[in-house]
*Asks:* 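Below are the structure tokens for one structure; questions will follow.
Naming convention: chains lettered A, B, ... in sequence-line order (proteins, then strands); numbering from 1 in each chain.
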Amino acid sequence: MKQQLKEVVESALIELRKSGALQLEHAPQILIERTRDQSHGDFATNVALVMAKEAHTNPRELAQLIVETMPPSDQLVRTEIAGPGFINFFMSDAAYGDVIRDVLRQGELFGRSQIGGGEKVLMEYVSANPTGPLHVGHGRGAAYGAATANLLRAAGYQVHREYYVNDAGRQMDILTASVWLRYLDLCGEEVTFPSNGYQGDYIWDIAATLHRERQDMYHHPADLVMDGVPADAPDGDKEEHIDGLIAQARQLLGEEQYRQIHDEAMKAILGDIRDDLAEFGVEYDEWFSERSLMDDGTVNKVIERLQKSGDIYEQNGALWFRSTNYGDEKDRVVVRDNGLKTYFASDIAYHMNKLGRGFERMIDIWGADHHGYVPRVRAALAAMGEQPEQLEVLLVQFASLYRGGQKVQMSTRSGSFVTLRELRDEVGIDAARFFYVLRKSEQHMDFDLDLARSQSSENPVYYIQYAHARIHSVMRQLKEKEMVWNQREGAENLHLLVESHEKSLMVAISRYPELLESAALQREPHQLAHYLRDLAHELHTYYNAHHFIVEDQGLRNSRIMLISAARQIFANGLALLGVSAPEEM
RNA sequence: GCGCCCGUAGCUCAGCUGGAUAGAGCGCCACCCUCCGGAGGUGGAAGUCAGGGGUUCGAAUCCCUUCGGGCGCGCCA
């Protein structure tokens with residue numbers, strides 16, 4: 001609808017320039033907006049105000065000229081010049097009728113666009129270290145990432161969804177040591193657990209499985225394990241302590257057994273994460289292993305290339321990437337003095353690998369606490385001769401949980417965090433998915449568990465789902481009264497929908513395609529969540545004001561047609577957000 | 001100290017590529033079904049858009065600055 005209007009204005013401007021009535025250096029961008037007030041029509045453009053100065057004329061006169069030059073359109077009833085020089089457009093009933101017919105004809109495809117132009121996008125989200133179950137912070141990234149991926153697909157992007165598995169590195173070693181120590185405990189050894197280890201119950205579970213299946217295969221006496229290990233905090237350094245334990249594990253178990261425990265622990269946790277996300281309706285096309293980048297030499301190749309280009313220097317036995325040359329605030333280590341590559345090194349390799357797979361755009365969704373990491377990755381891309389703009393990082397702020405008006409405290413290491421699974425159990429998948437995307441991602445969010453759990457009017461999820469279910473209920477009623485909805489007759493009688501509630505609902509429905517484009521371009525699923533609530537409000541208001549199942553056949557069929565179109569929008573929109581659209585509640 | 005995010009109604013938040021009288025939900029007050037699901041609807045009270053400057057036809061929106069809050073500034077990941 002908006003697009004058609006834009007073309008009308010565009011052709012007027014072209015005509016005016018061709019005839020010499022208007023002299024401009026370049027064609028202005030035409031911005032057409034929905035009006036806030038119905039008395040201003042359906043759409044308005046400020047194009048005359050924007051161009052007036054350059055055209056050396058006053059805005060109202062220019063607006064008049066544009067209106068007079070516009071080609072006739074059956075979509076428009078009339079136009080008016082308002083205020084300082086806005087052009088207001090009043091759309092015809094036929095234009096709205098076309099939208100309703102389109103919705104039913106296109107069904108679940110309605111609202112999709114090609115604005116993404118088939119661009120190949122790699123979206124990476126969650127990518128939590130497989131060292132423990134997902135918590136509610138990951139949940140927000142998951143819900144946001146999945147919904148944004150859906151939006152981009154609906155807008156004509158080719159989206160590949162990926163989870164980067166950090167299966168290499170020190171965190172995994174700490175996990176391995178943690179599991180092994182719990183296992184030794186189950187073997188009857190008295191070991192004091194490191195303050196820096198992973199303390200959750202899930203570690204016990206993995207250890208118990210290990211103990212059941214392998215019995216005392218990995219058993220070593222506690223005093224031998226602790227021999228020569230630096231003291232833990234508070235007397236010593238907790239980092240040195242845990243590193244000492246890792247070294248002991250490696251030595252006593254040997255690389256092969258160490259690797260077995262490592263892999264078992266990771267398999268268990270990663271499997272749990274996959275299940276968790278799948279149950280949450282968050283899907284991936286690929287789970288990408290960090291270790292594979294080490295094993296196939298990609299990381300080494302990247303470092304060599306940077307060395308050749310002179311972007312790497314050695315200092316204090318470590319290799320540093322000169323990221324300050326590319327806008328970062330300090331240089332970054334890629335290989336530590338102990339020879340280990342940093343996470344950053346493999347991350348450069350990972351992003352180069354993404355580009356190597358032919359993706360034109362990389363969208364990473366990170367927790368806001370990683371924001372300082374963005375410049376260095378961009379710097380690395382620049383140093384590698386790539387366009388840093390190809391990497392788009394979307395930051396997701398923390399979500400604080402509130403229960404009974406009290407903030408729920410969380411800490412990963414101590415194991416006293418709220419897991420995503422617990423959240424799902426408490427409030428349900430639909431409420432969790434919806435609440436997570438109800439707020440702009442870069443906004444700190446207060447997640448009210450009591451509200452999300454409540455199955456009442458104050459909960460916006462149910463408000464929307466109820467609107468959808470209500471329409472189904474009307475259809476059931478229709479059947480019970482042994483009436484059949486004649487869609488063709490409805491389509492022919494849309495002109496009978498003259499009530500203000502009907503007009504409002506049609507306007508809301510016609511906004512959907514514009515809304516989807518906007519939400520996709522700005523990576524803002526919350527726009528869709530808010531829109532659906534507005535649409536639900538229109539539906540409920542209409543429902544209260546008028547009857548759909550009326551005697552007059554033409555009117556009945558056209559009203560059912562209208563609410564069927566609304567139903568389709570609810571179904572389409574909720575699906576993009578990962579929320580179910582129940583037929584009855 | 002430096003960097004990023006944020007500050008809008010009692011609470012939680014939309015609105016921010018400048019546009020007409022600043023919106024929604026919750027809460028509060030008063031109402032609405034002989035009728036398709038009341039998990040609904042109608043009306044009302046409620047604002048120095050944190051403060052101060054600037055840019056212009058026009059600023060919640062852009063720029064500067066002050067104040068307040070969150071996060072980050074490792075040879076951790």
Side-chain angles (χ1 to χ4, degrees), chain A residues 29 31 33 35-37 39-40 44-46 49-50 52-53 58-59 82-86 88 128-129 131 166 168-172 174 239 290 315-320 329-330 332-344 346-347 367-375 395 397-398 400 402 405 438-448 451 454-467 469-478 480-481 521-522 524 526-527 529-531 533-534 536-537 539-550 559-560 563 584-585:
Chain A
Q29 223 193 339
L31 194 65
E33 295 179 312
T35 55
R36 201 177 309 173
D37 190 332
S39 68
H40 293 140
T45 181
N46 64 349
L49 281 88
V50 174
K53 194 176 276 183
N58 88 56
F86 292 103
N88 292 340
N129 284 342
T131 52
N166 294 116
R170 183 159 174 271
Q171 295 305 316
M172 292 306 297
I174 295 176
E239 303 291 346
E290 177 187 5
Q315 188 180 312
N316 301 333
L319 293 185
W320 296 71
E329 56 187 16
K330 58 176 81 164
R332 310 291 174 176
V333 170
V334 285
V335 182
R336 292 160 64 184
D337 60 1
N338 62 10
L340 291 178
K341 285 145 195 118
T342 60
Y343 175 84
F344 178 46
S346 48
D347 222 20
D369 53 336
H370 287 64
H371 72 256
Y373 201 76
V374 180
L395 298 172
Q397 291 286 350
F398 292 147
S400 306
Y402 284 83
L438 187 56
R439 306 298 175 218
K440 212 165 34 177
S441 68
E442 65 259 34
Q443 179 79 252
H444 294 268
M445 183 175 76
D446 288 341
F447 196 124
D448 186 336
L451 178 61
S454 80
Q455 305 209 351
S456 72
S457 58
E458 62 213 18
N459 191 331
V461 191
Y462 292 101
Y463 184 74
I464 297 166
Q465 290 181 322
Y466 181 44
R470 230 177 187 179
I471 297 167
H472 273 279
S473 175
V474 171
M475 302 308 271
R476 284 192 295 272
Q477 279 292 324
L478 196 67
E480 275 174 32
K481 292 179 176 166
L521 288 175
Q522 297 180 64
E524 291 185 343
H526 79 271
Q527 288 188 24
H530 283 270
Y531 166 82
R533 197 169 58 183
D534 290 345
H537 175 72
L539 190 278
H540 288 309
T541 305
Y542 181 34
Y543 181 96
N544 264 54
H546 298 283
H547 269 257
F548 308 145
I549 303 177
V550 292
R559 284 187 170 168
I560 302 284
I563 62 169
E584 52 190 317
M585 299 171 68

*Asks:* If we take the P atom in both B:A9 and B:C76, what is their distance in whole Å?
*Replies:*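 One P to the other, the span is 45 Å.
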*Asks:* Contact class for A:M445 (heavy atom, under 4.0 Å): base, sugar-phosphate, or nothing?
*Replies:* sugar-phosphate
*Asks:* When you compare B:A22 with B:A14, how far apart are their C1' atoms, in angstrom units rounded to a whole number?
*Replies:*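 Roughly 11 Å separates the two C1' atoms.
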*Asks:* Residues two or more places apart in sequence or in another chain: which of them pass side-chain hydrogen bond (donor to acceptor under 3.5 Å, both in side chains) with A:H371?
*Replies:* none
*Asks:* Has A:H371 got its ring stacked on B:G72, by the test of a centre gap below 5.5 Å and a plane angle below 30°?
*Replies:* no
*Asks:* I need the CD-C1' distance between A:Q397 and B:G7, as an integer number of Å.
*Replies:* 13 Å
*Asks:* Report yes if a donor N or O on one partner sits less than 3.5 Å from an acceptor N or O on the other, where the partners are the side chain of A:D369 and the base of B:G72; otherwise report no.
*Replies:*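 Looking at the base of B:G72, it does not pair with any donor or acceptor on the side chain of A:D369 (distance under 3.5 Å).
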*Asks:* Phosphate oxygens OP1/OP2 of B:G38: is one of them under 4.0 Å from a side-chain N or O of A:Y543?
*Replies:*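 For A:Y543, the contact criterion (side-chain N or O under 4.0 Å from OP1 or OP2 of B:G38) is met.
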*Asks:* Within this structure, what is the NZ-CG distance for the pair A:K341 and A:L319, rounded to the nearest 0.5 Å?
*Replies:*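 Between A:K341 NZ and A:L319 CG, I get 10.0 Å after rounding to 0.5 Å.
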*Asks:* Between the base of B:A20 and the side chain of A:N46, is there any donor-acceptor pair under 3.5 Å?
*Replies:*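 In this structure, the two groups form no donor-acceptor pair.
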*Asks:* Residues in ring-ring contact (aromatic ring centres under 6.0 Å, His included) with A:Y466, at least two apart?
*Replies:*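 A:Y466: ring-ring contact (aromatic ring centres under 6.0 Å, His included) contacts with A:H540.
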*Asks:* Can you find an N or O donor on one side and an acceptor on the other, under 3.5 Å apart, linking the side chain of A:H370 with the base of B:G72?
*Replies:* no
*Asks:* At 4.0 Å (heavy atoms only), tell me whether A:A467 reaches a base, stays on the sugar-phosphate, or touches nothing.
*Replies:*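 No contact at all - A:A467 keeps every heavy atom at 4.0 Å or more from the nucleic acid.
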*Asks:* Phosphate oxygens OP1/OP2 of B:G74: is one of them under 4.0 Å from a side-chain N or O of A:K330?
*Replies:* yes
*Asks:* What is the nucleic acid contact for A:Q465, judged by heavy atoms within less than 4.0 Å: base, sugar-phosphate only, or nothing?
*Replies:* nothing
*Asks:* Rounding to the closest angstrom, what is the interatomic distance between B:C16 and B:C57 at atom P?
*Replies:* 23 Å
*Asks:* Categorize A:Q443 for me: base, sugar-phosphate, or nothing, with a 4.0 angstrom heavy-atom threshold over every strand shown.
*Replies:* sugar-phosphate
*Asks:* Look at the side-chain N and O atoms of A:Y462 and state whether any lies under 4.0 Å from the OP1 or OP2 oxygen of B:G25.
*Replies:*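 No.
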